[in-house]
Amino acid sequence: MKDFAGKIAVITGGGTGMGRELARQLVAEGCNVAMCDVSAEAMAETKRLCEVEKLPQGLRITTHVADVSIEDHYKRFRDELIEQQATDKIHLLFNNAGIGGGGSLFSNTREQWERTFNICWGGVYLGVRTFLPLLVKADEAHIVNTSSVNGFWASVGMGVSHTAYSAAKFAVKGFTEAMINDLRLNAPHVKCSVVMPGHIGTSIVSNSRKVQLGTSSDHLTADELTQARQRLKGQGIDVAKMSDADIQQLALDRDRIFRDEAPTSAAAAAKIILDGVKAERWRILVGDDAHLLDERVRKTPEQAYTPEFYQNIVAATGWKVG
């Protein structure tokens, strides 16, 4: 697929971050877009940004409220797309939606753990299951599943548990790799790619807790304050003299730093992904940090979860995460 003009793309998690930037860049290339998200307001802003420049005549951008962990939501999204986009096929499926959270089997609830896993992995699986018949009907098509560097390295640093997200992203990577041969045997005109971003400047940190808690507030709950103290203590930070207000401010600063001081912007990430699709690359690493981490994990897998390995990665990449 050398260009996207006149094609129809489905994007999950289109309200913010990489999903928003994928939508903007696809529309700029003349691609019709149908996006879903749990936030109608966020999608409305994405659509507004797509329409800043006058759209080509007949180009369609549609928004659909859906939770990707719920199959009935996906089916409704598919049916709405067929009607509103006036089509029985799509050419591109970007399974992009994801959240963090549920890092520990000990300090997080089962509900938090499974919420993260069911969105990050279940959303990809259900997305492919739901839209595969429409992809097969196209003359050429491409599935793009977003994993992460946490799909080959299950950590965000020492002292921080990261089980649900990592387990989900490993599943996405393995699923996509297995699909290469499945598609080759059964639908050779449909390609697939697994995307493994490093630290990308998005609002995933703040958005994740809001989705987990069903809130729009930035203020930490009592349980979150306790968990934040435990995380900071695990990183060797003395929290004994820190007030709840201090912890709250650190959390806000962490969200801001993750979004605003990332080595790769969401827009740059989206361009790398789309260029990878055009080149029919099945494996798309996003960011210099992703390439570096991939190289070092492959070189010394037995050391990947040692303090020294993480410290060397932070020194090499300038990461301010964890």
Side-chain angles (χ1 to χ4, degrees), residues 1-14 18-19 21-23 25-27 29-37 43 58-64 66-98 119-147 171-196 270 273-284:
M1 191 177 298
K2 301 304 180 186
D3 66 80
F4 305 127
K7 304 292 196 300
I8 301 173
V10 166
I11 305 171
T12 69
M18 291 194 302
E21 296 304 326
L22 284 168
Q25 293 180 33
L26 285 165
V27 167
E29 294 197 34
C31 185
N32 300 286
V33 167
M35 74 185 86
C36 79
D37 201 283
M43 285 190 292
L59 196 70
R60 294 179 294 276
I61 306 170
T62 57
T63 61
H64 311 264
D67 180 332
V68 298
S69 68
I70 302 173
E71 188 169 12
D72 284 347
H73 285 206
Y74 254 128
K75 291 178 178 178
R76 186 183 68 234
F77 175 21
R78 177 201 59 203
D79 294 345
E80 291 175 356
L81 176 151
I82 290 170
E83 179 182 359
Q84 296 177 26
Q85 294 276 349
T87 187
D88 64 349
K89 60 181 174 288
I90 64 170
H91 305 87
L92 293 153
L93 171 62
F94 293 89
N95 284 310
N96 163 80
I119 289 174
C120 291
W121 155 242
V124 171
Y125 169 69
L126 291 174
V128 173
R129 277 289 189 192
T130 302
F131 287 105
L132 189 59
L134 278 68
L135 290 158
V136 170
K137 285 184 179 180
D139 55 352
E140 60 175 348
H142 205 118
I143 300 166
V144 185
N145 295 331
T146 300
S147 178
V172 171
K173 179 175 179 289
F175 175 63
T176 310
E177 291 189 23
M179 280 178 55
I180 294 171
N181 202 48
D182 202 359
L183 291 169
R184 185 179 291 150
L185 291 170
N186 297 290
H189 64 297
V190 181
K191 311 300 180 185
C192 66
S193 299
V194 59
V195 176
M196 292 172 286
I273 294 167
L274 295 178
D275 287 347
V277 172
K278 289 178 181 178
E280 291 193 358
R281 287 167 41 214
W282 73 262
R283 189 172 190 270
I284 304 173

* To do: Test side chain to side chain contact (heavy atoms under 4.5 Å, CB included) on Arg76 and His73 and set out the steps.
  => CA-CA 5 Å; Arg76 186 183 68 234; His73 285 206; 4.0 Å; yes

* Where at least one partner belongs to residues 172-189, residue pairs that pass salt bridge (Lys or Arg N to Asp or Glu O under 4.0 Å), sequence neighbours excluded ->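 Sorted result for residues 172-189: Lys173-Glu177.
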
* Which pairs, with at least one residue in residues 275-284 and sequence neighbours excluded, count as a salt bridge (Lys or Arg N to Asp or Glu O under 4.0 Å)? ->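 Residue pairs passing salt bridge (Lys or Arg N to Asp or Glu O under 4.0 Å), neighbours aside: Glu29-Lys278, Lys271-Asp275, Arg283-Asp294.
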
Side chains of residues 135-143: which donor-acceptor partners sit under 3.5 Å, not counting sequence neighbours?
unit_1	atom_1	unit_2	atom_2	d
His142	NE2	Ser193	OG	2.7

* Exam field: side chain Asn145 to backbone Val172, donor-acceptor pair closer than 3.5 Å -> no

* Counting only N and O atoms by type, is there a donor-acceptor contact under 3.5 Å from the side chain of Tyr74 to the main-chain atoms of Gly123? -> yes

* Does the pair Leu22 and Leu274 meet the rule for a side chain to side chain contact (heavy atoms under 4.5 Å, CB included), with working shown? -> CA-CA 8 Å; Leu22 284 168; Leu274 295 178; 3.9 Å; yes

Any chance you could measure [X], atom [atom1], to [Y], atom [atom2], to the nearest 0.5 Å?
| X | Y | atom1 | atom2 | value |
| --- | --- | --- | --- | --- |
| Cys192 | Asn181 | SG | CG | 10.0 Å |
| Thr12 | His64 | OG1 | NE2 | 12.5 Å |
| Asn186 | Met179 | CG | CE | 11.0 Å |

* **Pairing residues for Ser69 by the side-chain contact (heavy atoms from CB on, under 4.5 Å) criterion, not counting sequence neighbours** =>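 By the side-chain contact (heavy atoms from CB on, under 4.5 Å) rule, Ser69 matches Asp67, Arg115, Asn118, Ile119.
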
* Asked: Quick one: side-chain contact (heavy atoms from CB on, under 4.5 Å) partners of Ala23, sequence neighbours excluded?
  ->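 For Ala23 the side-chain contact (heavy atoms from CB on, under 4.5 Å) partners, ignoring immediate neighbours, are Ile11, Val33, Met35, Thr46, Cys50.
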
May I ask you to test the [X]-[Y] pair for a side-chain heavy-atom distance under 4.5 Å?
| X | Y | answer |
| --- | --- | --- |
| Thr62 | Glu80 | no |
| Leu26 | Leu92 | yes |
| Thr87 | Leu81 | yes |

I need the minimum non-hydrogen distance between [X] and [Y], along with the two atoms involved.
| X | Y | result |
| --- | --- | --- |
| Thr130 | Pro133 | O-CD, 3.6 Å |
| Cys31 | Lys7 | SG-O, 3.4 Å |
| Gly13 | Ala97 | N-CB, 3.7 Å |

* **Output field: ring centroids Phe77/Phe131 closer than 6.0 Å** =>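 Under 6.0 Å, so yes.
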
* Residues forming a side-chain hydrogen bond (donor to acceptor under 3.5 Å, both in side chains) with Asn32, sequence neighbours excluded ->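 With sequence neighbours excluded, Asn32 shows a side-chain hydrogen bond (donor to acceptor under 3.5 Å, both in side chains) to no residue whatsoever.
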
